[in-house]
Amino acid sequence: MERPGTANEFTRSAIGVIALCFVLNTLARGNGETFAVFFGPLLDDLGWGRTATASLYSVFMIALGVSGPLVGALFDRYGPRLVYVSGLLAYGTGFLIASRMEAVWQGWLGLGLLGGYGATATGMTPATGILSRWFDRSMSFAISFAYTGLAMGAVFLAPLSGYLIDTGGWRWTYQVLGTALLCLGLGVTVLPWPRIAKGIKPALKPRPFLPDKAVFARSGFWGLFLIFFLTAVTTYIIQVQSVLYLEEAGYPRLTATFIFGLNSMMSVVGILGAGWLADRIGQRRTATIAYSFTIVGILSLLALSNGPNPVFLGLFLLGFGGAMGSRGPVVSALTARLFEGQVGAVFGLVTIGLGLGGAVGAWLAGFLYDATGGYSASLIVAATGAITGAAIFWTVPDLTGRKR
């Protein structure tokens with residue numbers, strides 16, 4: 001018998017829900033990913049050094065991960081309206097605090113804690129919960145559309161932030177972005193959230209605030225957690241300082257910022273391709289292909305240390321950029337299928353791995369550069385993380401389909 005929601009899944013209402021998740025994801029991580037553009041101006045103006053400046057993003061990623069269970073539990077218990085509105089208001093307030101920061105702790109509070117919660121509450125944790133109620137057979141593909149918002153946010157907001165910084169400075173830019181987020185937070189309250197949250201599947205009873213204890217005994221939970229952690233280390237040890245890396249390779253700052261945006265644009269194709277492919281050849285094979293592309297991109301970036309080269313730059317964009325974010329739809333769809341009925345809370349817990357991995361990667365990039373004077377050690381760590389992440393898909397019982 002066909003499961004609920006498998007026929008005519010891409011209805012007008014369902015497409016509208018995907019579009020909403022896409023737009024909110026664009027703001028969610030898009031604003032967070034602009035930190036790579038702010039990194040240089042903050043470094044020049046505040047003089048904190050690379051490690052201390054990178055710590056702002058590390059705190060952001062820690063907060064993004066730690067707030068995942070809270071956001072997921074709030075979603076499962078109270079629905080998406082509370083989650084999205086609180087996230088936008090926190091994000092906007094954090095940017096306004098950042099516009100006035102003079103000390104590192106102010107950046108930790110504004111960009112780190114408030115920004116991290118805002119990114120989680122407007123990102124894929126609630127989006128996965130919503131889309132799992134609208135889709136079944138095409139869940140991976142539907143989720144991949146929402147995931148592209150994370151990439152498109154960097155594509156549009158990174159160049160926009162760079163332009164605004166050149167026009168009025170980084171403080172004024174944070175004021176503009178913060179005010180826009182606060183206004184949007186008030187605006188989304190009027191959306192028909194009960195209809196959006198209901199979906200087309202049978203209504204779910206409100207769940208306890210925390211997921212079942214049995215979740216923590218599943219190998220799939222810990223496998224997905226580690227996959228997110230290792231993938232985030234691999235990605236953010238490069239992504240956060242990619243503009244500075246390209247500058248050291250000989251590219252002007254504006255050119256490096258454009259490449260950063262183009263790198264994120266390439267990820268849109270990879271995310272959609274991964275979602276489409278996962279519904280056809282399975283998550284493991286799709287993830288392995290994505291990790292292989294990532295390793296090609298890392299090796300190409302290492303080759304750019306000898307100076308600008310269009311071939312290696314193209315391979316970096318195709319490999320690293322094309323695979324960036326492509327593991328997200330795979331992990332989201334697996335979470336929805338393995339833990340149906342408590343998707344928000346479980347995905348929120350899995351997101352802790354993403355946040356911790358991003359924090360470790362961002363911090364390691366600064367630490368290893370200060371310790372070695374270059375990025376070669378960081379790239380070796382990134383490649384190791386990609387290889388290990390791919391191996392988990394083939395060894396964890398819940399993810400391979402084998403019984404323990």
Side-chain angles (χ1 to χ4, degrees), residues 2-30 71-72 75-76 79-80 83-84 120-153 191-204 224 227-228 267-287 289-290 323-348 350-351 354:
E2 194 174 55
R3 296 179 61 186
T6 58
N8 301 320
E9 291 183 317
F10 286 94
T11 63
R12 183 180 300 178
S13 297
I15 293 172
V17 171
I18 293 176
L20 174 63
C21 293
F22 170 86
V23 170
L24 291 170
N25 279 332
T26 298
L27 299 173
R29 289 294 295 284
V71 170
F75 175 87
D76 287 340
V83 172
Y84 277 119
T120 302
T122 53
M124 281 308 301
T125 298
T128 298
I130 292 175
L131 293 174
S132 68
R133 298 177 185 178
W134 284 89
F135 295 91
D136 186 3
R137 182 182 55 200
S138 303
M139 189 186 303
S140 294
F141 194 39
I143 288 175
S144 70
F145 271 101
Y147 255 103
T148 58
L150 305 181
M152 293 304 294
L191 294 175
W193 289 111
R195 173 69 182 114
I196 294 170
K198 183 179 179 180
I200 59 174
K201 297 183 179 180
L204 300 174
L224 295 174
I227 286 167
F228 253 177
S267 71
V268 173
V269 179
I271 291 170
L272 289 175
W276 179 85
L277 204 58
D279 287 332
R280 286 157 178 79
I281 67 171
Q283 283 85 4
R284 286 190 300 163
R285 292 183 177 87
T286 302
I289 293 171
M324 190 169 60
S326 59
R327 274 73 51 156
V330 171
V331 172
S332 294
L334 283 171
T335 303
R337 296 190 188 283
L338 290 174
F339 305 100
E340 188 173 4
Q342 47 188 334
V343 178
V346 176
F347 189 78
V350 171
T351 304
L354 175 68

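No experiment lies behind these values; they were computed from the predicted model shown. FYI, the numbering just counts along the sequence from 1.
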Exercise for the section: Identify the heavy atoms of A127 and N25 that sit nearest to each other, and give their distance. Expected result: CB-ND2, 4.2 Å
Problem - Minimum-distance pair of heavy atoms, taken over all atoms of V71 and P126 - result: CG1-CD, 4.1 Å
Completion exercise
In this structure, CG of L334 is separated from CD1 of I227 (nearest 0.5 Å) by 7.5 Å
Exercise for the section: Looking only at non-hydrogen atoms, find the nearest pair between Y84 and C21 and report the distance. Expected result: OH-SG, 4.3 Å
Practice task
Just jot down the side chain to side chain contact (heavy atoms under 4.5 Å, CB included) partners of L20, sequence neighbours excluded, or say none.
Solution key: L24, L191, W193, I196
Practice task
Please name the pair of heavy atoms, one in I18 and one in A142, separated by the smallest distance, quoted to 0.1 Å.
Solution key: CD1-CB, 4.1 Å
Problem - Between CE on residue M324 and CD1 on residue I271, distance to nearest 0.5 Å - result: 7.5 Å
Fill in the blank from the handout: Rounding to 0.5 Å, atoms CZ (F75) and OG1 (T128) come to a distance of 9.0 Å
Problem - Intermediate values then yes/no, side-chain contact (heavy atoms from CB on, under 4.5 Å), I289 and I281 - result: CA-CA 11 Å; I289 293 171; I281 67 171; 4.2 Å; yes
Handout entry: Side-chain heavy atoms of F228 within contact of V331, under 4.5 Å
Key = yes
Problem - Straight-line distance of M124 CE to L131 CG, nearest 0.5 Å - result: 6.0 Å
